[in-house]
Amino acid sequence: MKFQKRPVIKYLIPCLLLLSGTVAAQKITKYDDSLVVSTGESSVSVNYKTGRLNYHFSNGVVLNNTIAYVNEIADGYISTSACRIHQAATGEFEDDFGKGTRIIVRHSGNDAGITLTQQVFLYQDHPYLLTNVTAVKGDGTTMDLETRDICALAVLPQEKAQLLQPGTEPRFLDVPFDNDNWSHILERKWEAGKPAFAGISFEFASSYNNDDFSGLVMGSLSHDFWKTGIVYRASAQKGLIDSLKIYDGAATADNSSLPPDYGGNDGTHDHAPHGTMKGKSVNSSTIYLFGGDTRKGFVEYGNANAVLNGRLTWQGGAPVYWNSFGVEGVLGYEGKMMPKDLVKIPEFIQTLTNFNKYSKPVISIDSYDQSIYTTSLLASFGKYVEKKNQQLGFYFIPFAKWAWKNNTENTKLEGTDYNLSDVVLRDSNNQPIWFKDGDWGCLALDPTHPAVRQFVIYNLKQVKAIGAKFIKIDFLTAGALESTRRYDHNIRTGLQAYNYGMKMLKTLADSILGKDIFITEAISPMFPSQYAHTRFVSTDVYSHMRDDEPGFPHYGSTEGSLANGSHLWWVQGTLWPYTNLDVAIMKNFEKNHDLTENEIRTRLFAMMSMGSILGDGSDYRDKLADERAEKYLDNKYLCAYFSNPKAFTPLKFADGETFDQQIAFYLPGTETLLSLFNFDNKKQFDITWRRADLGLGTGEYIIKDFLTDQQIGKIAKGQDSFSFNVPTADAIMVKLVPSN
């Protein structure tokens with residue numbers, strides 16, 4: 001038997017363990033065959049012989065035998081484990097995130113002459129770690145590399161690698177690339193007797209135990225060049241992922257032969273391969289890893305994104321708004337309200353005292369036809385609503401253009417002298433890319449083209465002309481598509497072009513309109529996130545309870561949006577000041593059936609739980625819509641909350657693909673808010689918590705109905721647990737108020 005030499009502790013770096021509140025240290029230990037750096041939350045080991053890295057987290061999550069690789073255009077696939085020489089070193093560092101210990105692992109000795117350098121950053125004051133990989137050829141000064149596939153962390157069967165997620169109810173979270181097509185976030189589950197699952201998540205993912213939220217959060221922090229995919233495959237063994245790649249260069253085509261959420265239309269929607277990175281060195285995205293309570297891990301992930309990329313803030317009360325889409329539909333060509341009856345909306349809204357109390361309500365004309373709703377008409381209407389102490393909202397699509405397919409060659413892009421055919425992105429066959437196909441379709445535009453800049457200026461000048469202070473921008477994913485041709489040849493990838501376009505749009509908006517313009521993103525990638533104040537959690541929401549409700553669309557329900565939202569609450573306050581769960585409806589959306597009051601309350605409680613701004617899309621010419629708006633939209637407690645909305649923390653995630661979701665959230669504070677949602681039509685939602693689950697003190701608490709402030713129960717002093725029962729197809733929002 002070969003005995004290992006006694007380890008030598010090189011040095012200790014004091015640091016604060018945030019979760020335990022005790023002082024620990026970053027410990028560096030060198031063995032004959034490996035190097036280990038550990039903190040209270042995690043440890044990373046490097047094997048000198050194989051070059052593989054192991055990650056161990058304090059909650060029991062393990063990543064064993066991980067590698068990195070580059071798939072170089074000329075030289076092919078080069079992995080760290082295929083190199084013959086592995087050199088590891090450590091050192092102290094300081095960056096925008098903080099101070100800590102850095103591991104640098106240099107892998108060399110392969111036939112291609114490529115050196116791969118991995119870095120792992122462990123922080124003193126953060127419970128997460130970061131990693132990346134860089135590749136150079138030769139001495140790194142003379143030869144170029146080119147790749148569209150580089151990976152900072154991979155768990156591969158041929159490397160005898162694995163990700164182990166402890167717990168009795170392990171899950172893997174799979175996230176779509178954008179919020180289009182009503183795509184769902186998936187909670188993948190090991191089920192006895194069923195095949196092991198596999199798939200791809202985009203930008204971030206997590207493994208976790210559904211019983212206690214403990215797991216691993218992983219994701220990219222770099223969103224200026226690469227689209228990041230997280231390809232995974234589960235083993236038949238429960239809680240074991242035997243293949244995982246967090247790789248840069250993801251580009252997937254929609255595939256109508258596959259289910260929508262499993263490759264059908266949940267990916268990047270690309271029509272061409274991902275662009276390449278080319279240079280003396282090529283590098284991956286910076287990858288974030290956090291082991292612990294994934295709710296904390298995702299909040300940390302959002303904040304880390306903001307540190308690296310920035311985020312916008314908003315001064316004053318959160319916007320409240322009315323949006324025309326729920327009445328007028330697309331373009332408004334049916335003339336249901338515009339222009340003759342539109343004045344009735346601001347007239348009614350002016351009567352809602354609490355709705356008007358905290359900020360000027362916005363009247364937003366959505367998805368309109370400029371030939372019907374001219375700039376002069378909207379400018380006149382803007383002056384009218386200003387007299388009502390309200391303001392206008394404006395809608396436009398910066399990186400796409402709806403057009404008739406048989407007439408694109410001669411169609412000009414408004415505000416420019418360019419034909420659409422000059423400005424469009426091109427697929428692998430050099431044909432124009434239709435982001436939304438059909439006789440009346442949506443063409444993807446090149447954000448780097450000067451015509452798109454002119455088009456954005458043209459729209460922003462309209463915003464200024466009508467006096468709007470609220471902008472909704474839509475179909476943004478079109479600008480992030482890969483293309484075989486772009487005006488600016490230095491822009492090599494879809495996300496790089498999108499980042500260029502969004503930065504250009506925000507800079508122009510600041511210049512033309514000033515910085516007090518609120519920007520909300522509708523259909524869009526989640527990242528980059530730093531150019532808007534809010535983003536839709538999901539595609540348009542029509543406010544019916546469930547997607548299978550008779551008389552309603554099979555999409556756009558409150559359940560569908562909140563099921564996604566239960567895994568995205570953390571974006572509010574980290575990526576954006578607020579979220580946007582679209583508008584509430586007081587009676588009916590367009591031609592859909594009437595909603596029940598249960599559905600209206602559930603919708604509003606869902607918006608609250610997500611930290612959403614408050615919007616409504618009702619036709620106030622209808623008496624029932626008026627009455628319900630006075631009862632709900634003008635509720636003084638609800639309006640006070642929406643003046644500064646904060647996202648609740650999940651107590652129970654959505655799980656699985658059933659519509660019978662039972663979800664719960666809480667918002668700690670002087671008065672703790674608790675929201676419970678039962679989308680099951682047959683079973684009551686019975687749930688019990690302990691005080692510690694909600695961070696409550698030991699004293700007595702009065703339970704009050706949120707909307708009425710009436711006492712409906714209490715938690716007695718010394719009573720450790722308490723229960724709630726939510727009827728079928730209903731929701732509850734309560735306040736837990738300490739008793740003096």
Side-chain angles (χ1 to χ4, degrees), residues 163 165-176 179 181-202 204-217 230 232-241 258-266 294-295 298 537-539 541 544-549 554-570 602 606 609-610 648-665 675-687 726 728-731:
L163 186 166
Q165 170 59 54
T168 58
E169 290 293 330
R171 301 286 190 272
F172 193 91
L173 194 72
D174 179 319
V175 184
N179 54 3
N181 302 307
W182 293 275
S183 292
H184 298 93
I185 289 176
L186 302 174
E187 306 89 5
R188 308 302 300 271
K189 181 180 181 181
W190 284 261
E191 297 184 73
K194 291 190 177 182
F197 57 82
I200 178 170
S201 185
F202 295 91
F204 63 91
S206 73
S207 65
Y208 62 99
N209 179 35
N210 199 44
D211 287 340
D212 62 5
F213 310 105
S214 179
L216 175 72
V217 176
I230 302 175
Y232 61 89
R233 185 186 69 196
S235 163
Q237 180 181 331
K238 192 173 184 180
L240 183 65
I241 297 290
L258 296 174
D261 297 324
Y262 296 86
N265 54 23
D266 64 325
T294 54
R295 298 174 300 176
F298 272 120
V537 170
S538 63
T539 323
V541 184
H544 51 299
M545 189 70 78
R546 299 163 39 128
D547 285 347
D548 63 349
E549 193 170 341
H554 64 281
Y555 48 81
S557 68
T558 297
E559 182 276 328
S561 63
L562 193 63
N564 275 3
S566 71
H567 296 284
L568 293 177
W569 88 99
W570 53 272
T602 300
S609 299
M610 288 298 98
F648 291 33
T649 299
L651 288 161
K652 190 173 185 295
F653 288 145
D655 190 39
E657 297 184 49
T658 174
F659 298 134
D660 298 330
Q661 296 294 337
Q662 296 180 328
I663 315 173
F665 305 85
S675 60
L676 302 94
F677 300 86
N678 185 12
F679 295 103
D680 196 315
N681 287 327
K682 297 178 181 178
K683 295 180 181 178
Q684 182 173 275
F685 182 17
D686 301 318
I687 193 163
V726 187
T728 58
D730 205 351

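Residue numbers start at 1 and run along the sequence shown.
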Any side-chain to backbone donor/acceptor pair from Glu187 onto Gly656? Under 3.5 Å, distance only.
yes

Roughly how far, to the nearest 0.5 Å, is the CG atom of Leu562 from the CG atom of Leu568?
10.5 Å

Report the distance from atom CD1 of Ile663 to atom CD1 of Ile687, rounding to the nearest 0.5 Å.
11.0 Å

What's the spacing between Asn564 CG and Glu559 CD if we round to 0.5 Å?
9.0 Å

Is there a donor-acceptor pair under 3.5 Å between the side chain of Asp261 and the backbone N or O of His184?
yes

Of all heavy-atom pairs linking Trp190 and Ser235, the shortest is NE1-O, 3.0 Å

Between Ser675 and Ser609, is any side-chain donor less than 3.5 angstrom from a side-chain acceptor?
yes

Spacing of OG1 belonging to Thr728 relative to CZ belonging to Phe685, to within rounding of 0.5 Å
13.5 Å

Does Thr539 reach the main-chain N or O of Trp182 with its side chain, forming a donor-acceptor pair under 3.5 Å?
yes

Of the non-hydrogen atoms in Met545 and Asp730, which two are nearest, and what is the gap between them?
CE-N, 4.3 Å

Quick one: sort the Phe298 and Trp570 rings into parallel, tilted or perpendicular, breaks at 30° and 60°.
parallel

Report the C-alpha distance between Phe202 and Val175 in whole Å, list the side-chain angles of each, state the deciding distance to 0.1 Å, and finish with yes or no for side chain to side chain contact (heavy atoms under 4.5 Å, CB included).
CA-CA 6 Å; Phe202 295 91; Val175 184; 5.9 Å; no

Donor-acceptor pair, side chain of His567 and main chain of Ala654, under 3.5 angstrom
yes

Tell me whether the NZ or CZ atom of Arg546 lies within the 45° cone about the ring axis of Phe659 and under 6.0 Å from its centre.
no

If you round to the nearest 0.5 Å, how far is CG of Asp660 from CG of Asp655?
12.5 Å

Hey, what do you get for CZ (Phe679) to CD (Gln662), rounding to the nearest 0.5 Å?
10.5 Å

Aromatic ring pairing Phe197/Tyr232, orientation class (parallel under 30°, perpendicular over 60°, tilted between)
perpendicular

Do Ser557 and Asp547 have side-chain atoms, one donor and one acceptor, less than 3.5 Å apart?
yes

